[in-house]
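Heavy atoms only: backbone and side chains are in, while hydrogens, waters and symmetry mates are out. Note on naming: letters A, B, ... go to the chains in the order of the sequence lines (proteins, then strands), and numbering restarts at 1 for each one.
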Amino acid sequence: MTRMLTFLVVAAAAITIAACDTTGEQAMVPGAKYSMNVEDGRFHNIHATGQKLACETCHAGTEYQPDFVTLSKYADDGGASPGIVDRAACLGCHKAGGIATAWYGGRATR
Amino acid sequence: MVKFIRMIDMERCIGCRACVAACYTENYHTSGAPWNAVIEHEIGTYPNTGLAYMPINCMHCEDPPCKKVCDDMGAHAISKNEFGVVLIDYEKCDGCKYCAAVCPYGVPQYNETMMELYPGKGRTPYENVSDTDRHPTHRKKPKVMEKCTFCWHKLEKAVADGKTDRIGRDPEYTPSCDVVCPVNARLFGDIEDPNSAVAKGIGAKKATQIKKEYGTRPQVYYALVGGDF
């Protein structure tokens, strides 16, 4: 039963992602439950489970690059996350022409 | 059309954090959710070393990823107004943190709890000011995102008073961080006015936006010191 459910969830995720690839900007559906939680949050589901990205792909290090200027440098997450996320990891997929929604550049704000 | 721009001169900045203190006071700072911070970079190689200071607040991007993601999910809590100011509406925000996830500058801050300014010592009169007496951008509440507003409450007043030409000149109409800088490392004003101090400053110092590879087109310019940003 659990395996069946897992299969369904994965299949649904696959379909969603497949749909996103073609429709691009329609990826997010208003009203869905958005969350950064690792256990059940949509964000980590899409990236870690759906896209099969290893945690370290994004949570690269324990220290910021010298040029990584950000406020969260000082935000203490109490070791809750496996490492700091440099948004350079997002660019490949999320810039104009990438496989996912172009958060970065290229698209006018609506 | 008026478009507000800030220029930060790292050559002049001495890292005193007066801008941070001014921001905290002006904008009803809530602990754990800073709107302004100064980041230190060690530069040079021994024995010729030094520190460079980089004050960071919201870049008020022309193409803000935070707004895109918030709009796409249907929350529409983030707006960019006709003067280029990016604002978060606390009433519409559901605290999902996606704006923080996509911001390359680490700007949006999650306000976990409304901590007392002096923990255990009770609320100060300042904290007891009721929401109705505060500007909407200062009606802080827990479990939502917040960030720098370019002191929108002051700019809004300048617009209402028909005094936009005084922005960047009169303390009343200028963001507090820019007002207090003791070494004139911060300029604020209208980029469309070629005679504004900020427009001239950007030209003279060859100031630039940071992290341009993200295509966000920030409205904050830096005269950089110490390497490749």
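The distance from atom SG of B:Cys96 to atom CZ of A:Phe43, rounded to the nearest 0.5 Å, is 10.5 Å. Taking NZ from B:Lys211 and CG from A:Leu91, the interatomic distance works out to 9.5 Å, rounded to the nearest 0.5 Å.
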Run A:Thr101 and B:Lys68 through side-chain contact (heavy atoms from CB on, under 4.5 Å) and show every step you take. CA-CA 10 Å; A:Thr101 314; B:Lys68 280 183 202 168; over 6 Å; no
side-chain contact (heavy atoms from CB on, under 4.5 Å) between A:Met36 and B:Tyr110, worked out: CA-CA 12 Å; A:Met36 291 302 291; B:Tyr110 183 65; over 6 Å; no
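Taking both residues in full, the closest heavy atoms of B:Tyr98 and A:Tyr34 are given as CE2-CD2, 3.6 Å, listed atom of the first, atom of the second, then distance. Closest non-hydrogen pair, A:Tyr104 versus B:Val102, comes out as OH-O, 2.5 Å. Among all heavy-atom pairs drawn from A:Ala88 and B:Tyr214, the shortest one is N-OH, 2.8 Å.
At least one donor-acceptor pair closer than 3.5 Å links the side chain of A:Arg87 to the backbone N or O of B:Ala101.
Looking at B:Cys103, the atoms closer than 4.5 Å to chain A (heavy atoms on both sides) all sit in the backbone: N, CA, C or O. Of the two parts of B:Ala100, only the backbone, made up of N, CA, C and O, holds a non-hydrogen atom closer than 4.5 Å to a non-hydrogen atom of chain A.
Within a 6.0 Å radius of OH in B:Tyr126, more than 12 heavy atoms belonging to other residues, nucleotides or ligands are found.
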